[in-house]
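First comes the structure, then the notes that go with it.
Below, chains carry the letters A, B, ... as their sequence lines are ordered, and counting in each starts from 1.
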There are 2 protein chains.
Amino acid sequence: MKTLKTNRIFQGDCIAIMESLPEKSVDMVFADPPYNLQLGGDLHRPNNTRVDGVDDAWDKFASFAEYDDFTRRWLAAARRVLKDDGTLWVIGSYHNIFRVGASLQDMGYWMLNDVVWRKTNPMPNFRGRRFTNAHETLIWVAKSESSKYTFNYESMKELNEGLQMRSDWTLPLCTGAERLKDAEGAKVHPTQKPESLLYRVIMASTNPGDVVLDPFFGTGTTGAAAKKLGRKWIGIEREQDYIDAARTRINSVEEISDTSLLVTPSKRSEPRVPFGNLVERGMLKPGDVLYDPRGKAVAKVKADGTIVSAEHKGSIHKVGAAIQGAPSCNGWTFWHFKTGDQMVAIDLLRQKLRAEMAGKELN
Amino acid sequence: MKTLKTNRIFQGDCIAIMESLPEKSVDMVFADPPYNLQLGGDLHRPNNTRVDGVDDAWDKFASFAEYDDFTRRWLAAARRVLKDDGTLWVIGSYHNIFRVGASLQDMGYWMLNDVVWRKTNPMPNFRGRRFTNAHETLIWVAKSESSKYTFNYESMKELNEGLQMRSDWTLPLCTGAERLKDAEGAKVHPTQKPESLLYRVIMASTNPGDVVLDPFFGTGTTGAAAKKLGRKWIGIEREQDYIDAARTRINSVEEISDTSLLVTPSKRSEPRVPFGNLVERGMLKPGDVLYDPRGKAVAKVKADGTIVSAEHKGSIHKVGAAIQGAPSCNGWTFWHFKTGDQMVAIDLLRQKLRAEMAGKELN
DNA sequence: AAATTAGTTGAATCTAACC
DNA sequence: CGGTTAGATTCAACTAATT
């Protein structure tokens, strides 16, 4: 009978190494596999600086079929080491996550949630040809439909100021001091995940003393978060540079007992409401007429949330300022609409919309 | 040669009906297919019949295969009616979206974005055994990697108050007056989508006059939003009750008469002005000196509309790029000329010329 | 010392028209 | 079809330099 050695990094291929570990010995697997990005040539920012993209060999696959084959093999190995009541998390982007999700279902894993990591500070879309890619997707599965999996509902609720934790998590990228750099100041790993993400994953789905395994360990974010939270960990990684960085990093981590310290306070400030939202939601229609407070100047609402007057066009604030010859203008209080023979400021509509959203804009 | 009849609902199976429509005739497809929900341990087929005795992996696989088969068939029919530069949207939840996404990729569709609809008011998780399911996922694809698809970047940016639209959209569920109810006050359709969601989808990826097809029309949210935004629409639906509700609903929608309120012109769509035209028209003379934004680097205008600096010669763009050592450069905003002691970008002259040209076209 | 400004950077399938 | 060229395009955080 093999015993499981924890709190260590195994170097090598994650499939072979997982196959060598005792079966049904791990409580949770967190996996951040290659995304199979398929990037083309260089990408430059509008200021002509070059984006330092992911071009590592480990992210290259010849075809979807090859990627699927790789996915199924590591998922099978993970399934073997996972306890029957254990769960597994995978993170990915639209390049790979749909394939991973379908494979998970095909292999008998039972989906519990898909969770969206909303990035507060994503990289913009520099060419203006798509929506800003501002999120990544995590899939959380149990080993089977009948698993008695761990979910720390109360902890999650506390973490979210007394409201149920939702399936969308708003967290920043890993930057600044948290981001590991080499001697030359270059990032050690191209896609280091923020520890805050792993805190939440580990706290939600494991208990203190549980074993967390990460088959794509990289620079050890999973190990660092697990140690902080009093969980045991196992990392598997091929690259020596990543392993060195992870060892140093995890050695310097101190366990914390007071997990309330991990709470990331949610923003309670009033949500910003773009004027266009009123139009989208039918509170105002394209073609509706807006009036200045005296009912003289007029402007028409456009479908995209801008407005046009006889001489100006742009946002409610811009056109309001231009009409008054003022440097700035609060369009919300300047512009009015007619309802019956009353004139009402459009700010009323904003207040209405905020009231609908009140208490519901979590995170 | 078949012609495409628009602004109507076809009753029947969406695959058969799409196969009967002319090929490459539709600009955009929006699809909200059955979700294959697995509630209470029972699996449901896309047609809502129950699958018997399913608690082993083989049966699950068989059922997923059936759902995949259905998915691939309607996606193939949609692909046929879609123009080569058209795009397709699908919305789903974790029950089905991963399978749909993988099928899309397998069939040669090219992913542009996955978009998350964050619900402001989701249904809470009553048992406290999972995260509150607070979002759904949309996938936006082009027909192929080389498609010249429509994306109204500027409109989306305006709608988001001057910032790029992100891949996460915060919108409420369809409730209140918008939610269609029958005579007894029961909801007509179990999963009626909010019009605000369709408003954004349609405005982002189509132009006024384009044809939008929805193969799972339900109560016609897609048709209502399309009509509001001056797009043509085609709905396919099997259930008579839904069709009746959709007809009444769409008939009561008013179209905008002033279609100029529907679009934000992009810079890309403005007429191209060769730099040489400025010289031809005497707005700049051969020998005139151009400066970079800091007033340091200089170049002289030649009669043929090229420029020469100390070390480079060629177009305004080429020389600007060479001087900066950059891969590219927008010469219109880079180069300036002196008027009095002011430095003005040559783009101003282009704007002047465009204004003159627009005036002439009106005559 | 504190505040302001300038520079850097992040899992990115990132152009379109013309010859 | 491929190759060439015109020319359009960025947000939030953090760090370093400057006032």
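Note on L37(A): a base of the nucleic acid sits closer than 4.0 angstrom, heavy atoms only. P194(A) comes within contact range of no nucleotide atom at all, as no heavy-atom separation falls under 4.0 Å. Among the protein residues, V141(B) comes within range of no part of the nucleic acid, since none of its heavy atoms lies under 4.0 Å from any strand. Contact annotation for S328(B): base contact, defined as any heavy-atom pair under 4.0 Å involving a base atom. Here P122(A) lies in heavy-atom contact (under 4.0 Å) with a base. If you check every strand for non-hydrogen atoms under 4.0 Å, R350(B) touches sugar and phosphate atoms only. Among the protein residues, C329(B) comes within range of the nucleic acid bases, having at least one heavy atom under 4.0 Å from a base atom. Using a 4.0 Å heavy-atom distance criterion, Y153(B) is classed as a sugar-phosphate-only contact.
At a cut-off of 3.5 angstrom, counting only N and O atoms as typed in the model, there is no donor on one side facing an acceptor on the other between the side-chain of S266(B) and the base of dA8(D).
Using modelled atom types and a 3.5 Å distance limit, the side chains of D168(A) and H135(A) yield no donor-acceptor pair. Side-chain contact annotation: T219(A) with H189(A), donor-acceptor N/O pair under 3.5 Å absent. No side-chain donor-acceptor contact under 3.5 Å links N160(B) and Q164(B). For the residue pair R249(A) and T221(A), a side-chain donor N or O sits within less than 3.5 Å of a side-chain acceptor on the partner. Between the side chains of N96(A) and Y67(A), at least one donor N or O sits under 3.5 Å from an acceptor N or O. When only modelled atom types and interatomic distance are considered, T49(A) and R45(A) share a side-chain donor-acceptor pair under 3.5 Å. Side chain to side chain, W89(B) and S205(B) meet the donor-acceptor criterion of an N or O pair below 3.5 Å.
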>> Return a single string for nucleotides 14-19 of chain C, one symbol per nucleotide in 5' to 3' order, where B is base contact, S is sugar-phosphate-only contact and - is none, cutoff 4.0 angstrom on heavy atoms.
In response: BSSS--
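A cation-pi arrangement is present between R79(B) and Y109(B), with the terminal nitrogen or guanidinium carbon under 6.0 Å from the aromatic centre and inside a 45° cone about the axis. Cation-pi check for R200(B) over W169(B) is met; the charged atom lies under 6.0 angstrom from the ring centroid and within 45 degrees of its normal.
Counting heavy atoms from C-beta outward, D347(B) and R350(B) have side chains that approach closer than 4.5 Å. Side-chain contact between R99(A) and D106(B): present, with at least one pair of heavy atoms (C-beta onward) separated by less than 4.5 Å.
If you measure from atom CG of N47(A) to atom P of dT8(C), you get 8 Å, rounded to the nearest angstrom. Between the P atom of dT9(D) and the CG atom of N48(A) lies a distance of 14 Å, rounded to the nearest Å. Across the protein-nucleic acid pair, M165(B) atom CE and dC11(D) atom P stand 12 Å apart, rounded to whole Å. Here dA11(C) presents its P atom at 17 Å from CZ of R118(A), a figure rounded to the nearest Å. In this structure, NZ of K60(A) is placed 16 Å from P of dA11(C), rounded to the nearest angstrom. Nucleotide dA11(C) holds its C1' atom 12 Å from the OH atom of Y242(A), rounded to whole Å. Look at CD on Q164(B): it is 14 Å from C1' on dG10(C), rounded to the nearest Å. To the nearest angstrom, C1' of dG10(C) lies 11 Å from CD of E136(A).
Taking a pair to require two hydrogen-bonding distances under 3.5 Å in either a Watson-Crick or a G-U wobble arrangement, dA17(D) pairs with dT4(C). Nucleotide dA12(D) has dT9(C) as its partner under the Watson-Crick or G-U criteria, with both atom distances under 3.5 Å. Look at dT15(C): its Watson-Crick or wobble partner, with both distances under 3.5 angstrom, is dA6(D).
Of the residues in residues 175-193 of chain A, those lying under 4.0 Å from DNA chain D by heavy-atom distance are T175(A), G176(A), A177(A).
Summary of the strand contacts: N121(A) and K318(B) both lie near DNA chain D, and taking for each the nucleotide with the nearest heavy atom, the more 5' one is attributed to K318(B).
Note on H317(B): a side-chain N or O is less than 4.0 Å away from OP1 or OP2 of dG7(D).
dA8(D) and dA12(C) have their P atoms separated by 26 Å, with the value rounded to a whole Å. As rounded to the nearest Å, dT9(C) and dT10(D) have C1' atoms that lie 12 Å from one another.
For Y35(A), counting side-chain heavy atoms from C-beta on, the closest listed nucleotide (dA12(C), dA11(C), dT10(D)) is dA11(C).
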